[in-house]
There are 2 protein chains.
Amino acid sequence: MSIGTIRVLIADDQMMVREGFSVLLNAMPDIEVVGEAVNGRQAVERVRELAPDVVLMDIRMPELNGIEATREIVAADTTAKVLVLTTFDLDEYVYQALRAGASGFLLKDASARQLADGVRVVAAGEALLAPSVTRRLITEFSKLSDPPRLMSTAHAAYGDLTDRETEVLVLIAQGLSNAEMAERLVVAESTIKTHVSRILVKLGLRDRTQAAVFAYEARLVTPK
Amino acid sequence: MSIGTIRVLIADDQMMVREGFSVLLNAMPDIEVVGEAVNGRQAVERVRELAPDVVLMDIRMPELNGIEATREIVAADTTAKVLVLTTFDLDEYVYQALRAGASGFLLKDASARQLADGVRVVAAGEALLAPSVTRRLITEFSKLSDPPRLMSTAHAAYGDLTDRETEVLVLIAQGLSNAEMAERLVVAESTIKTHVSRILVKLGLRDRTQAAVFAYEARLVTPK
DNA sequence: GCTGAAATCAGCCACCTGGCCGATTTCTTC
DNA sequence: GAAGAAATCGGCCAGGTGGCTGATTTCAGC
């Protein structure tokens, strides 16, 4: 494996991004960009055609998003490893991507060195995560493995919101639209609307802005 | 990033292992083994003395095991990243190591290439996990829902807002509708709409909910 | 007195939002 | 197995919201 060059496929709907990564990676003697794709659907096809070692996968793409594309690529028994790239280290994306079978997750602001190393690492079969991602993963994980989980907190407090509703409330308090939340949680927008409505009724609020205010006042979310 | 060579400390009670890794890593032009330790206690000391970039840490060691040693090294605010190495990918070890603050976790049967890449990756600040480990971590973790985090965009300072606009922004962050604000400020609703629009444009936001979030994040308003 | 910024107001319009109705599926609980 | 809670999805619709254009008035600064 370490003999030949690492063959990479870049999947991103933005030309600038593809160009940048392409130049960057081709500058490495052991890495070669063998193809590009402008959406998830095309990425899946290209993987079949080109059998690359690594796929640099953007999440937000038309046709078929990076998560779904990753799922399909992994489902097919290709040897290709998927390294997901995104601008923001959104939790949901990370978990979804990794659960979809991605080998790694990096932020787009990674340096050339980090990117190249990342490609090599996943090509070698390891898993790679951005530090901020891992940190949250660990902290979250230790929360559920540690016994000090007394009841309440996410439950009885805020007017009997269900877990899912609380989850949605937090997203509202981050300024996401219904469509964005739907994409984030991978459900239909109508589902989100249902959750939002129930939240407003249960909390006795009028609109999502009041919900956001409530979330801050109730310390469900806190200023950075 | 890593302009100079990456300085590595090897902590393992077995001489053969230390030797092997040492030769292996020193063969890399950008990596230099600057010291060794035969137990956890010594590893902690050596880190203080040598300030290495990366510590290759075995788990089973006399005096102070790798987990505890990692905890101490991370507790001290050294810049050293800990890459834990072990023969078996035992769950307890993995979780404990990661919670102790390790940056990565690799199996000892990793190839020279994998090891070297691993060192480079953690030195660059990323986190590295063997794939089997990541998978378990994800599955374990995904059993529980989570409170995501997002906050994008570097906006211009809200100092660009006029007094009146700031006033309106505060009201938005109190959950008032345009009609209510109009009544409160004794102006027409259309006037409020104009203010709201300008606020959104100036701050690069999409809707009033994001404006409310912004107000809280910018401490323009603070939770009760 | 001219100028520019700020505050005020109006109308139009596409879109998102929230309310309301109903429906299915999966679980837990009894 | 019945009953209920939770999560999912769809459709319809009135109304609020935000974008865009244009206009008036006041006032500070030159």
Side-chain angles (χ1 to χ4, degrees), chain A residues 67-68 92 95-96 99 151-215, chain B residues 142-148 153 155-215:
Chain A
I67 306 286
E68 291 303 323
E92 281 297 329
Y95 305 142
Q96 283 172 28
R99 264 178 286 184
M151 35 142 242
S152 75
T153 350
H155 275 302
Y158 316 110
D160 297 356
L161 292 188
T162 65
D163 290 343
R164 196 57 156 174
E165 285 162 358
T166 303
E167 203 176 350
V168 170
L169 176 54
V170 171
L171 293 181
I172 290 176
Q174 286 169 20
L176 300 210
S177 68
N178 290 337
E180 287 169 337
M181 288 190 277
E183 192 185 349
R184 188 87 158 280
L185 301 180
V186 197
V187 295
E189 189 178 334
S190 62
T191 302
I192 298 296
K193 290 185 65 177
T194 302
H195 288 316
V196 173
S197 286
R198 298 196 98 77
I199 290 171
L200 297 181
V201 170
K202 285 185 178 179
L203 299 181
L205 304 173
R206 180 183 47 198
D207 54 48
R208 64 203 300 106
T209 305
Q210 291 190 344
V213 172
F214 178 90
Chain B
S142 57
K143 288 175 184 171
L144 205 65
S145 217
D146 52 291
T153 48
H155 323 85
Y158 58 93
D160 288 318
L161 296 186
T162 66
D163 290 345
R164 196 57 156 173
E165 285 162 357
T166 303
E167 204 177 349
V168 171
L169 176 54
V170 171
L171 293 181
I172 290 176
Q174 288 172 13
L176 300 208
S177 68
N178 290 337
E180 287 169 339
M181 287 190 277
E183 191 182 350
R184 182 82 71 88
L185 300 181
V186 197
V187 294
E189 188 177 336
S190 62
T191 301
I192 298 296
K193 291 185 64 179
T194 303
H195 288 317
V196 172
S197 284
R198 299 196 87 79
I199 289 170
L200 297 182
V201 170
K202 284 186 177 179
L203 298 181
L205 305 173
R206 181 184 47 197
D207 53 48
R208 65 203 299 108
T209 304
Q210 291 191 343
V213 172
F214 177 89

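Protein chains get the first letters and strands the later ones, always in sequence-line order, with residue 1 at the start of each. All of these numbers come straight from a predicted model, not from anything done at the bench.
- Of all heavy-atom pairs spanning E165(B) and I199(B), the tightest one is O-CD1, 3.2 Å.
- In plain terms, the two heavy atoms of A173(B) and A212(B) that are nearest each other are CA-CB, 4.0 Å.
- The CD-P distance, from E183(B) to dT8(C), rounds to 16 Å in whole Å.
- Residues forming a salt bridge (Lys or Arg N to Asp or Glu O under 4.0 Å) with E180(B) (at least two apart in sequence, or on another chain): R206(A).
- Using a 4.5 Å heavy-atom threshold, the side chains of R164(A) and V187(A) count as touching.
- In terms of heavy atoms, R208(A) sits closest to L176(A) at NH2-O, 3.0 Å.
- Across dA6(C), dA10(C), dT8(C), the shortest atom-to-atom separation from the side chain of T162(B) is found for dA6(C).
- Residues L169(A) and A211(A) approach most closely at CD1-O, 3.5 Å, considering heavy atoms.
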*At under 4.0 Å between heavy atoms, which parts of nucleotides 25-30 of chain D does protein reach? Answer with one letter per nucleotide, 5' to 3': B base, S sugar-phosphate only, - none.*
------
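- When rounded to the nearest whole Å, the span between CD1 of I199(B) and P of dG19(D) equals 11 Å.
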*Do nucleotides 15-30 of chain C as a string where each nucleotide becomes B, S or -: B if the base has a protein heavy atom under 4.0 Å, S if just the sugar-phosphate does, - if no protein is that close.*
--SBB-----------
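- In this model, the phosphate group of dA10(C) is approached by a side-chain N or O of S190(B) to a distance below 4.0 Å at OP1 or OP2.
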*Quick one: do I172(A) and H195(A) satisfy side chain to side chain contact (heavy atoms under 4.5 Å, CB included)? Show the steps, please.*
CA-CA 11 Å; I172(A) 290 176; H195(A) 288 316; over 6 Å; no
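- Following rounding to the nearest Å, M181(B) (CE) and dG16(D) (C1') show an atom-to-atom distance of 12 Å.
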_Please evaluate residues M181(B) and V196(B) with respect to the criterion side chain to side chain contact (heavy atoms under 4.5 Å, CB included), reporting the C-alpha separation (whole Å), side-chain torsions for both, the decisive distance (0.1 Å), and the verdict._
CA-CA 10 Å; M181(B) 287 190 277; V196(B) 172; 4.3 Å; yes
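- At whole-Å resolution of the value, CD1 in I192(A) and P in dG10(D) are 12 Å apart.
- Rounded to a whole Å, the NE2 atom of H195(B) is 15 Å from the P atom of dT17(D).
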